[in-house]
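Inspection log for the structure reproduced underneath, given as structure tokens.
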Amino acid sequence: MLSCPQCGAPAQSALPGLPLVTCTSCNALLMVDGDNIRNVGDSGRMPFDVSPLQMGTRLTVEGQRGEIVGRERWAWDNGSWNEWLLDFGGGKIAWVAEEAGYYMIMSAIQPRADVLKKLSDLGGQAWGVLGETVQVDKVRYTVSDVKKVSCVASEGHLPEPIGADFPRRSLDLRSKDGRALTWQRDAHGSGVWAGRYYRLAELQPAGLRQFDGWSMPRYAGAR
Amino acid sequence: MTTDAVAPSVKAITCPSCGGTLELRASGFSTLIVCLYCGSELDLTNPQVKLVAEHAQAGAELVLPIGSRGHLKGADWTVIGYLERMDGWSRWGEFLLFNPYEGYRWLIHQAAGWSFGVPFLIQPGSPRGLTQKIGNEHFKKCFRETINTVDYVLGEFYWQVRKGEQAEVNGYVSGNRMLSCEIVGDGYEWTMEEWVSSSEVAAAFGIEDTGQYPETGTHPLPHQPNPSSGLAGFMFTVGAAALIFALVFAVVFGSASPRSEASLLAGDTAQSRQVVIEPFTITGSSQPFTIDTRGEPGDNSWLDVEYVLTNMDTGESRVANQPIEYYYGRDWKEDDRRGTIKLSSVPPGRYSLEAEVVRPEDERGTSASFGSKAKPVEIVAGPGGIFWSNLVLLFFVLFAPAFWVLAKSMSFEAVRRDDYDYGNDDED
């Protein structure tokens with residue numbers, strides 16, 4: 001049984017490909033390697049919200065069932081949002097960016113070097129990039145947003161040590177048919193994520209969070 | 001490891017300006033709340049509520065007060081925000097609805113009625129085009145781009161909306177839906193608005209029916225369903241179906257009955273001018289009785305064939321006559337050498353038909369024309385026959401109401417289009 005080196009509370013063991021866990025009692029960000037556990041930072045305090053997702057919620061994306069095992073909350077100048085970590089098992093993960101009723105499900109992709117260069121050029125600029133287009137795998141994306149973001153807090157199982165105030169640069173692109181592309185660069189490197197928007201009902205959710213005064217939607221499965 | 005615990009859905013915050021307690025209903029999503037008591041703007045971007053601007057705005061009395069609950073379009077909603085916008089022509093209210101599982105919706109209240117708006121995340125096309133295409137559906141622009149200004153804000157929002165915020169707006173209509181695009185700076189906000197009846201809104205939120213065009217407003221909304229067009233279409237369809245049925249019925253049942261023929265050579269003897277054709281049997285229900293007459297009255301002369309149709313059982317009879325004429329001059333001609341008589345609704349029974357030809361000479365009662373040429377007359381008679389005049393009458397009976405409803409429907413469209421900048425007849 002692992003315990004938090006900071007507060008001594010019991011800690012969870014790591015999941016395959018997700019070496020980090022957060023301490024539910026002191027918010028320490030813990031790196032777990034077998035029986036070895038060390039404190040690598042502060043995960044921050046997750047603020048209250050009314051997201052219907054929670055740890056353990058199960059969603060189906062393109063026929064594959066996954067479970068929510070972690071979350072990062074990010075903020076920018078004019079707002080903040082949740083990025084939920086959906087674990088399909090076997091090291092396959094996706095991020096679920098939440099936008100009140102809409103869920104953008106993003107998986108890592110490896111674009112060609114020239115596309116990667118164009119994205120990082122655009123992402124590095126502070127302004128004048130809105131409306132620029134990039135073609136990836138025959139899909140044409142238009143830059144909709146470029147901003148500096150920072151992590152408010154993280155919780156659960158995570159692939160990288162990202163805690164409170166961790167900064168990141170991000171470039172968001174959209175296609176005409178509702179697909180999305182995100183380029184990100186932070187202290188751990190850069191990456192490109194592609195996906196599209198879903199409504200909650202499309203994801204056959206189970207184990208949604210219950211709220212006082214609200215009935216569960218009909219499409220919600222039991223725990 | 002999901003938790004079955006029921007989470008609170010409302011978070012209480014204190015207005016730093018007036019100290020009033022506010023209920024935050026979309027925690028984590030809202031970034032701004034305008035205090036219901038003092039109108040101060042509070043920034044919710046960070047967990048620590050920050051006072052943006054202090055106001056002393058009195059809370060307006062809203063048709064749907066902040067916090068109202070309702071069930072509309074298949075889900076429960078709570079009203080969390082309200083703003084008023086105006087353009088050069090009108091002013092309207094927009095209620096922001098929220099459900100933690102469904103997200104945000106808009107309920108837009110204009111003078112002429114209500115719309116239910118769903119945020120649209122796909123960008124269909126250029127936000128300034130004349131049309132938009134979604135799937136196979138074409139949306140057409142009806143008004144020139146307008147600039148609208150936020151004039152009043154109350155409650156929670158997912159962006160930092162301020163009184164005075166301006167947006168360029170373009171709307172595209174298809175049926176009862178309007179796709180609208182608001183352009184603020186570099187950002188586009190697309191919303192799919194569906195017309196919703198004022199009675200549906202009233203029932204959903206338990207308020208009094210606020211009415212809709214034509215009770216309120218001066219023009220129907222561009223996406224308000226025409227109350228008469230569906231009915232007009234339905235009436236035309238039913239009318240056409242009934243008319244086709246009547247035609248088929250008339251042709252199939254009207255001309256199938258057996259008919260009898262008789263030929264006369266109307267000469268000087270009375271016998272040559274008379275004939276009795278019998279019997280005709282009409283069974284089932286009443287039927288028309290048709291008599292076709294054809295004769296050669298001679299040049300510039302006439303014949304008259306007098307008919308008596310007698311029911312052989314009851315002795316009841318009906319009388320009709322058919323003039324046969326042929327007149328001509330140097331450059332004109334009146335040829336009525338054949339004619340048809342239709343007796344309507346002859347009840348079932350056995351009948352005999354008497355025919356007697358009257359010649360001009362018989363009329364005069366003279367015998368001066370002895371030796372005049374015998375004139376041939378041919379008669380074909382029997383039950384059945386199509387009453388075209390009845391079908392014309394039926395047409396009017398069936399379609400007059402449909403045309404009336406169509407006229408109503410067209411006048412609704414005329415009032416609607418009167419307001420349009422595009423797709424209106426008077427180009428401006």
Side-chain angles (χ1 to χ4, degrees), chain A residues 12 45 47-52 54-58 67-69 73 75-82 98-104 127 130-131 142 144-145 152-153 156 174-180 196-197 199-201 205-220 223, chain B residues 1-13 24-32 43-48 67 69 71 74-78 80 96-105 118-126 132-135 157-161 185-188 190:
Chain A
Q12 291 186 286
R45 216 176 133 254
F48 171 77
D49 67 19
V50 289
S51 168
Q54 62 182 347
M55 296 297 157
T57 298
R58 288 174 308 286
E67 183 180 328
I68 300 281
V69 297
R73 189 169 176 89
W76 57 298
D77 290 345
N78 291 318
S80 53
W81 77 98
N82 290 321
E98 184 172 22
E99 238 176 86
Y102 288 94
Y103 299 85
M104 202 167 71
W127 53 78
L130 293 183
T142 307
S144 62
D145 205 6
V152 176
R174 300 273 181 280
S175 78
K176 256 181 88 165
D177 62 355
R179 281 190 263 193
R196 75 168 183 90
Y197 279 111
R199 309 302 306 265
L200 188 53
L208 289 177
R209 195 167 165 210
Q210 297 183 58
F211 293 104
D212 184 24
W214 291 96
S215 51
M216 277 276 186
R218 274 194 303 270
Y219 51 76
R223 297 191 51 200
Chain B
M1 52 172 274
T2 52
T3 163
D4 268 341
V6 175
S9 60
V10 173
K11 182 182 164 187
I13 59 167
L24 200 53
R25 296 182 171 87
S27 294
F29 300 107
S30 292
T31 65
L32 177 89
D43 186 350
L44 307 168
T45 307
N46 295 301
Q48 305 77 34
R69 289 288 293 259
H71 187 86
D76 293 330
W77 303 104
T78 181
I80 65 165
L96 183 59
L97 310 181
F98 182 77
N99 170 314
Y101 301 102
E102 309 299 330
Y104 295 104
R105 296 291 185 277
V118 183
F120 207 63
L121 295 178
I122 296 174
Q123 182 172 322
S126 157
Q132 301 292 343
K133 194 175 171 218
I134 296 169
F157 294 90
Y158 52 84
W159 81 103
Q160 302 275 324
V161 59
D186 285 323
Y188 306 127
W190 294 85

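Protein chains get the first letters and strands the later ones, always in sequence-line order, with residue 1 at the start of each. All values below come from the heavy atoms of this structure, side chains included, with hydrogens, waters and symmetry mates left out. Everything quoted here is computed from the prediction, not taken from an experiment.
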Verify, without hydrogens or angle tests, whether Thr78(B) (side chain) and Phe98(B) (backbone) share a donor-acceptor contact under 3.5 angstrom. no

Please state whether the side chain, the backbone, both or neither of Arg199(A) comes within less than 4.5 Å of a heavy atom of chain B. side chain

Non-hydrogen atoms of chain B under 4.5 Å away: do they reach the side chain of Trp81(A), the backbone, both or neither? neither

Between Trp214(A) and Arg209(A), is there a cation-pi geometry (under 6.0 Å to ring centre, at most 45° from the normal)? no

Carefully, step by step, assess Asp49(A) and Ser51(A) under the rule side chain to side chain donor-acceptor pair (under 3.5 Å). CA-CA 6 Å; Asp49(A) 67 19; Ser51(A) 168; 4.9 Å; no

Ring pair (Phe, Tyr, Trp, His ring centres under 6.0 Å) partners for Tyr158(B), two or more places apart: Tyr104(B)

Side-chain donor/acceptor of Arg105(B) to backbone N/O of Gly103(B), under 3.5 Å: no

Segment of Asp43(B) engaging chain A (4.5 angstrom heavy-atom cut-off): neither

Using non-hydrogen atoms and a 4.5 Å limit, figure out which bit of Phe48(A) sits close to chain B: side chain, backbone, both or neither. both

Heavy-atom proximity to chain B below 4.5 Å, by part of Arg73(A): side chain

Given Phe29(B), Trp159(B), Phe120(B), Tyr101(B), the one with more heavy-atom pairs under 4.5 angstrom with chain A than any other is Tyr101(B)

I'd like to know which of Met104(A), Glu98(A), Glu99(A) tops the heavy-atom pair count under 4.5 Å against chain B. Glu98(A)

With Ala201(A) via side chain to side chain contact (heavy atoms under 4.5 Å, CB included) - residues at least two apart: Tyr219(A)

Side chain of Ser9(B), backbone of Asp212(A): donor and acceptor closer than 3.5 Å? yes

Residue Gln160(B) versus chain A: region with a heavy atom under 4.5 Å: side chain

Report which part of Asn82(A) has an atom under 4.5 Å of a heavy atom belonging to chain B: side chain, backbone, both, or neither. neither

Please round to the nearest 0.5 Å and tell me the distance separating atom CG of Asn99(B) and atom CG of Asp76(B). 6.5 Å

Taking side chain as everything from C-beta outward and backbone as N, CA, C, O, which of these in Ser215(A) sits under 4.5 Å from a heavy atom of chain B? Side chain, backbone, both or neither. both

Cut-off 4.5 Å, heavy atoms of chain A, and the answer for Trp77(B) is backbone

